[in-house]
K.L.:
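Sharing a structure here in structure tokens format.
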Amino acid sequence: MTRPTLLQNGPLAPALEAALAAEFEVQRLADQADPQTFLAQHGARFTGLATSAPAGASAALLAALPALRVISSHGVGLDKIDLAVAAQRGIQVGYTPEVLNDCVADLAMALLLDVARGASAADRFVRRGDWPKAKFRLARKVSGQRLGILGLGRIGRAVAQRATGFEMQIRYTNRKPVAGVPWQFEPALVELARWADTLVVVAAGGASTHHLVNAEVLAALGPDGFLVNVARGSVVDQAALVQALQTGGIAGAGLDVYADEPHVPPELMALDNVVLLPHIASATRETRQAMEALTLANLQAFYATGKVQVSALE
Ligand code: 8YV
């Protein structure tokens, strides 16, 4: 039986690429000397697209794949996939939610603890040989803090559950209140920021959340406030964040995502009150294995039944 033909957009883990090649006829767009000419000549061959949250599936790429019937994305973020075009064309879209909730929430708490207690800054202090000469600055207590959560989806709720263990007071803002949760809904982000000691950003990326955390929100968070972002760089006005951090407008930030990854502004790198991570929230062996397995399972399910296992369109 002829194996389904997949186009791979962007890099995937070697184990996943091997698993895909074992079951499908895979062509990697990145291997083509002239991707646009390749798509013009061969785009009509592909019924499936294997991609990832960072690589996505743009309207232009989808237009070059007239026979496409399924997209399987490694990741939970859908902001780089043109879901409207996929839905309009009846293209199934599979992705990998749930399996990464724990690791992303764990890293949000790690960033919160680090930036509030100054752990990374203290490590640099010791490595510079400063300890014999001075005491490290006082930090801020985390237990019992007021925690504001922007986006109470699956990951936001996992963050709230962890924060409960630190006896934190928790409020959230969201497109709409979430039924059945014990935490207080604050409709206005700026008011949530004004109340919170730390604001954790876990809202989905995309046009509807672009620069939600702007200069006004950061001013409301205030000089004793911390920002943590494990969502998408696009949700925060990065220029406003740099300004707030440089001028003491907020006390510090813990970041795993940025406006133009993998490029981090030198202004952020120069600051001692920022923890900078390279988009690693889901990057554990356990979670990435689960994500890779689900990326493959979505394709297997589609070609066996016509439906992906976990759909982004339902
Ligand atoms: C990784 C992510 O960037 O799942 C997402 O949306 O941002 C991260 O888990 C992605 O999974 C890499 O493929």
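Sequence positions, counted from 1, serve as the residue numbers for this chain. One-based numbering, in listed order, for ligands and for the atoms of each.
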K.L.:
Provide the number and element of each atom of ligand 1 under 4.0 Å from a heavy atom of Gly75.
P.N.:
4 (O), 5 (C), 11 (O)
K.L.:
Taking distance alone, with N or O pairs closer than 3.5 Å, would you say Gly77 contacts ligand 1?
P.N.:
yes
K.L.:
Need the ligand 1 atom indices (1-based, order shown) with element for anything under 4.0 Å from a heavy-atom of Ser52.
P.N.:
13 (O)
K.L.:
Report yes or no: do Gln246 and Glu267 form a side-chain donor-acceptor pair below 3.5 Å?
P.N.:
no
K.L.:
Do Phe302 and Asn298 touch side chain to side chain, with heavy atoms closer than 4.5 Å?
P.N.:
no
K.L.:
For atom 7 (O) of ligand 1, what is the nearest protein heavy atom, given as residue, atom name and distance?
P.N.:
His279 NE2, 2.8 Å
K.L.:
Going by distance only, is there an N or O of Ser282 that falls short of 3.5 Å from an N or O of ligand 1?
P.N.:
yes
K.L.:
What is the nearest protein non-hydrogen atom to atom 11 (O) of ligand 1, stated with its residue, atom name and distance?
P.N.:
Met291 CE, 3.1 Å
K.L.:
How close do Pro54 and Lys80 get, counting heavy atoms only, and between which atoms?
P.N.:
O-NZ, 3.6 Å
K.L.:
Nearest protein heavy atom to atom 1 (C) of ligand 1, by residue and atom, and its distance?
P.N.:
Arg288 NH2, 3.7 Å
K.L.:
Does any non-hydrogen side-chain atom of Phe166 lie less than 4.5 Å from one of Leu147?
P.N.:
no
K.L.:
Between ligand 1 and Val76, is the shortest N or O to N or O distance under 3.5 Å?
P.N.:
yes
K.L.:
Ignoring hydrogens, what is the shortest heavy-atom contact between Tyr172 and Trp183? Give both atom names and the distance.
P.N.:
CE2-O, 3.3 Å
K.L.:
Mark up the atoms of ligand 1 that fall under 4.0 Å of a heavy atom belonging to Ala53, in ascending order.
P.N.:
5 (C), 6 (O)
K.L.:
Which bit of Thr96 is near ligand 1, meaning a heavy atom under 4.0 Å away: side chain, backbone, both or neither?
P.N.:
neither
K.L.:
Is His74 in polar range of ligand 1, meaning some N or O pair under 3.5 Å apart?
P.N.:
yes
K.L.:
If you draw a 6.0 Å radius around CZ in Arg128, do more than 12 non-hydrogen atoms from other residues or ligands fall strictly inside?
P.N.:
yes
K.L.:
Is it the case that the side chain of Thr164 and the backbone of Ala160 share a donor-acceptor pair, with hydrogens and angles ignored and the cut-off at 3.5 Å?
P.N.:
yes
K.L.:
Is the closest side-chain heavy-atom distance between Leu7 and Leu61 below 4.5 Å?
P.N.:
yes
K.L.:
Does Lys80 approach ligand 1 within less than 4.0 angstrom via side chain, backbone, both or neither, non-hydrogen atoms only?
P.N.:
neither
K.L.:
Record the part of Glu261 in heavy-atom contact with ligand 1 below 4.0 Å; permitted values are side chain, backbone, both and neither.
P.N.:
neither
K.L.:
Applying the side chain to side chain contact (heavy atoms under 4.5 Å, CB included) test to Val159, which of Ile149, Asn101, Asp106, Val228 qualifies?
P.N.:
Ile149
K.L.:
Output the list of atoms in ligand 1 that are nearer than 4.0 Å to some heavy atom of Leu100, sorted by atom number.
P.N.:
4 (O), 9 (O)
K.L.:
Taking side chain as C-beta onward, heavy atoms only, is Gln27 less than 4.5 Å from Arg45?
P.N.:
yes
K.L.:
Using a 4.0 Å heavy-atom cut-off, which part of Pro54 comes near ligand 1: side chain, backbone, both, or neither?
P.N.:
side chain
